[in-house]
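In what follows, chains carry the letters A, B, and so on, assigned in the order in which the sequence lines appear, proteins first and then strands, with residues in each chain numbered from 1. Because the structure is a prediction, the values reported are computed rather than measured.
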Amino acid sequence: MEYEAVIGLETHVQLNTKSKMWCGCANAYGAAPNTQVCPVCLGLPGVLPVPNEEALRKTILTGYLLNCEIPRFAKFDRKNYFYPDAPKNYQLTQYDKPSTANGFVEFEFQGGLSRVRITRAHLEEDVGKSFHFDRNSGVDFNRAGVPLMEIVSEPDITSADMAYEYLNALKDILLYGGVSDCDMEKGMVRCDVNVSVRPVGSTGLGAKIEIKNMNSFSGVRRALEYEIPRQIEVVKKGGKLIQSTRRWDDTTGITEEMRTKEHAHDYRYFPEPDMMPLAPTEEWLADVRKLVVELPLARKQRFIREYALPAADAETFKNDVALGNYFEPLAKQSANPKALANWVINNLRAKLTETNEREKTEQAELGIEPADLQLTTLADLKFPPAALLELVALVEAKTISSAAAQQVFAEMYATGQAPAAIVQEKGLAQVSDTGAIEKLCDEAIAASPGPVADYRAGKAAALNALKGYVMKLSKGKANPALAGDILERKLKA
Amino acid sequence: MPNALSLNQLSISELTGRLARREISAREITQACLDQIARVDGTVHAFISHNPADALAQADAADRELAAGVTIAQKPLLGIPIAIKDVLAVKDHPLNCGSKILGKFVSPYDATVIEKMRAAGAVIFGRLNMDEFAMGSSTETSAFGITRNPWDPARIPGGSSGGSAAAVAADEAIATLGTDTGGSIRQPAALCGCVGLKPTYGRVSRYGLTAFASSLDQIGPFTKNIEDSARVLGVISGLDPKDSTSVDVPVPDYVAALDGNIRGLKLGVPKEYLIGGLDPEVKASVDAAIQQYLALGAEIVDISLPHTDYAVATYYIVATAEASANLARFDGIRYGQRVDGADPLELYTRTRGAGFGAEVKRRIILGTYVLSSGYYDAYYLRAQKVRTLIRNDFLAAFKQVDAIITPTTPTAAFKIGEKSGDPLQMYLSDIFTISCNLAGISGISLPCGFTTNPKLPIGLQLLGQPFGEATLLKLAHAYEQSTPWHREKPGTLA
């Protein structure tokens, strides 16, 4: 019998608000332990939570970006459990009345479009972080009270690869919406996975097993690549899986049982009495809707459609938003957006990367910290965007050859000088004067008996050597197509 | 003047007048309170601790402000010593909530009410005894010893704000702050013979009040008379950005409302409050108060609050459920007393086992139980529904009447130890006060007579509309001014 996996993901995302969820403490990563704390986020006696409106706004915006419904009534609840990193020993979360519900994410997978339904995206608070030393432990509460959004998917995912693509698509959407910085290394995105297996064709669900402790998307994929065959193996051998929670060990690459259903926590949820329920007004929601941005997939599809770009180029502009934003206004004015895209991706981006690498080395030598590096960006370019358009037009009009265009680009990148001026100054205009090229072709034929013989013997490719000779003689200015025609005519004569 | 009262026996109104006329100094007032504490608190034990030097320094600062021309209009409590229940956070003061579990904890911040009273010029001093985490009706559950009723030291002062009531009754402070979750201001005020006001839920910020039951708790004043109650309420009320359950309703001039004109106001007498356990002397005093209101021109209307019978049960589900979560933070990890263990769970159980008293543990267990999976709907959810019915009872009644008149307690102060072995009997002593918190409305207790042998104060309770404190105070003031009770002082300590 064949088995298939049924996977749902719970993704926790830290929102990039300036301050924490219930107090004015900074929401910033990396400060010395317990320096971004106050009576409220330490849970001292007598304090009360006051919700951060920006966090609510970003949660609702996420709801819109994930095609969710926005209930007009939501509330916070207390989730009760004791743990040293939880200052109040209850976590404020949204239990049965979340701020957003019933949406979906669409993404490319295996050459087609996949859709994963979103059960809900709700708001809660992050907890502190425990550290264990030789003889004791400590807790850093800087993270306690940071706004945390939990995005729960329906069990629509069927493979490890699909889970991986879903997570990347989700991350792209959150970055586009500006709701989270999604820095995995700083723990801004954390995942729990629910996975079960069932015979292909069955609609029932097997025992749900939760896996915790993956700290990267590839960790999620690896955990599933381990866990799915493990479960199928158990079932095939006639064993029985029970509802349980397992822990992924990234070093050994296996999952281990943490607790079974009998030992599951009773969180004793009840409505948070320290806060009023949330009832967003239509006016407030309308303001949030103004923040809705084009989704990554929609942007990619639009770039393909409107600028006739190959999928790979559109994918580049989807992933590198700044580069895409540089490209798009120029593309609207360009007669050949595909050629423009080539210049932006293959020349401009490459050059910028090269510059940045040099800057990193230089600044590192000066002892500048990685966080303080000053790198050149698209906004710092010496030439105006329109100059690139002009350069492409010069090539299109055959005023300069592609080889000359490379020289012009290098010069405008270095100095900011206008392309036409560079062409004139350096005498790079393409020579399309037949008489002049005929002379050069004669010279080339005379100087290259080998290729000439080869060509005449039927090796068409030998023409390229002769053409290259002509280009060299013309210092790159000869019109290569014209040179080819003339050479061909002369050799066949 | 053989019968002249000493400064600590005077009201805020009298003292601020004399301060303004520069007849006395703030230091003299504070010193008089400190002297009285030295004289009587060995018996009464209203205070867990107090810092005389700090109090006098604040009084001196008030004197400097008075000398510099700051007026009472600008700072309505300038130079008035006000003592604080041990459940409210005062910067750099100990905060124990009547419990061992907080150990040597000192609050790093001021509650909003404390900030407001400081801004009004008050001298904030002392930590007043209370039932542990405000759980109790007699102040016997305090980890810091019992407080005695100034009218009879063999009796309890009521609770949970027993220290706050006793301190005012014994003239150890001019006024005090307490908190009321199910009657914890009104019941001790009644048993100690002073004025205790529980404002509408949301009227006064709870920021800095160590929560017992978040949806029921309110901070309110204990005072020697109604006018003082109006003065303090005016200072501590109002919207607070730090408490999202505080409400943006304008704060009226409560003192200006005390015009004595209650002609035509309607007082409702709920038939459900005439219960079997009501002491005959208490009943007689309340009946006499009703007659007095008629004489003052008010109308008396019979009303019904049909869900009254369910109030105590509802209260002990809602309050304990909230408390079970609110008290979870006292775990020995970040602050307070810790009893170490091999792992976090052992540390928690040892710390909480040693730190909490029996009544607190009883309520945490009860609250944990009613929220448990499988029981939530039967207990917590149902209690919330009944709570709505109780509130609706009151809102319906307030369509007919301006306020409701009842006894504050079924009996006068009982003896120390008399009910401490029987939690249910103790819970029933709050039977008249609990509904007010469930409904979120306002309530006040004021003296309306004494039992004869022994002579113990009897309290009259007035319940008012949400944000109806001005009417409540006006009604209470008219009665007070036409009766002698508030002028009586306990004899045993004088």
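- Proximity of B:Y207 to A:V40: side-chain heavy atoms (C-beta onward) are separated by under 4.5 Å at one or more points.
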Decide yes or no on side-chain contact (heavy atoms from CB on, under 4.5 Å) for B:R206 and A:D274, but give the supporting numbers first.
CA-CA 9 Å; B:R206 292 184 296 116; A:D274 282 331; 3.0 Å; yes
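- The two residues B:T245 and A:M275 have their closest heavy-atom pair at CG2-N, 4.0 Å.
- By the 6.0 Å contact criterion, CZ on B:R382 is open, its count of non-hydrogen atoms from other residues, nucleotides or ligands being 12 or less.
- Atom OH of B:Y375 has 12 or fewer heavy atoms from other residues, nucleotides or ligands within 6.0 Å.
- With a 4.5 Å cut-off on non-hydrogen atoms, B:Y369 does not touch chain A at all.
- When all heavy atoms of B:Y376 and A:P271 are compared, the closest pair comes out as OH-CD, 3.4 Å.
- Between chain A and the residues B:C97, B:S215, B:A325, B:P241, the most heavy-atom pairs under 4.5 angstrom are made by B:A325.
- Heavy-atom contacts from other residues, nucleotides or ligands closer than 6.0 Å to OH of A:Y83 number 12 or fewer.
- For B:D331 against A:F82, the heavy-atom pair with the smallest separation is CB-CE2, 4.4 Å.
- Heavy-atom distances place the backbone of B:L209, and not its side chain, under 4.5 Å from chain A.
- The shortest non-hydrogen separation linking B:R329 to A:N89 is CA-ND2, 4.1 Å.
- With a 4.5 Å cut-off on non-hydrogen atoms, A:P84 touches chain B through its backbone and its side chain both.
- Among the residues in residues 100-116 of chain B, those with a non-hydrogen atom closer than 4.5 angstrom to a non-hydrogen atom of chain A are B:L102, B:F105, B:P108, B:Y109.
- Proximity to chain B (any heavy atom under 4.5 Å) is restricted, for A:Y269, to the backbone atoms N, CA, C and O.
- Considering only heavy-atom pairs separated by less than 4.5 Å from chain B, the leading option among A:F141, A:Y267, A:W22 is A:F141.
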Is there a side-chain contact (heavy atoms from CB on, under 4.5 Å) between B:V247 and A:M276? Walk through the geometry before answering.
CA-CA 11 Å; B:V247 180; A:M276 303 308 285; over 6 Å; no
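- Atom CG of residue A:D266 and atom OG1 of residue B:T368 lie 9.5 Å apart, to the nearest 0.5 angstrom.
- Ranked by non-hydrogen atom pairs under 4.5 Å with chain B, the options A:P45, A:P273, A:C23 are led by A:P45.
- Contact detail for B:S244 and A:P49: the closest heavy-atom pair is OG-O, 3.3 Å.
- Shown here is B:Y316, whose OH atom has more than 12 heavy atoms of other residues, nucleotides or ligands within 6.0 Å.
- Residues B:R334 and A:L42 approach most closely at NH1-O, 2.8 Å, considering heavy atoms.
- Interface remark: of the candidates B:L381, B:L95, B:L345, B:N326, B:N326 forms the most heavy-atom pairs closer than 4.5 Å to chain A.
- Within a 6.0 Å sphere centred on NZ of A:K97, other residues, nucleotides and ligands contribute 12 heavy atoms or fewer.
- Sparse packing is recorded around NZ of A:K129, with 12 or fewer heavy atoms of other residues, nucleotides or ligands lying under 6.0 Å away.
- For A:P51, the part lying near chain B is the side chain, with the backbone staying farther off; criterion is any non-hydrogen pair under 4.5 Å.
- Residue A:N80 touches chain B through its side chain alone, counting heavy-atom pairs closer than 4.5 Å.
- For a residue to count as touching a neighbouring chain, one of its non-hydrogen atoms must lie under 4.5 Å from one of that chain's; by this rule B:A321 touches chain A with the backbone only.
- Using a 4.5 Å cut-off between heavy atoms, B:D217 does not touch chain A at all.
- Residue contact with chain B, scored on non-hydrogen atoms closer than 4.5 Å, involves the side chain of A:Y90 exclusively.
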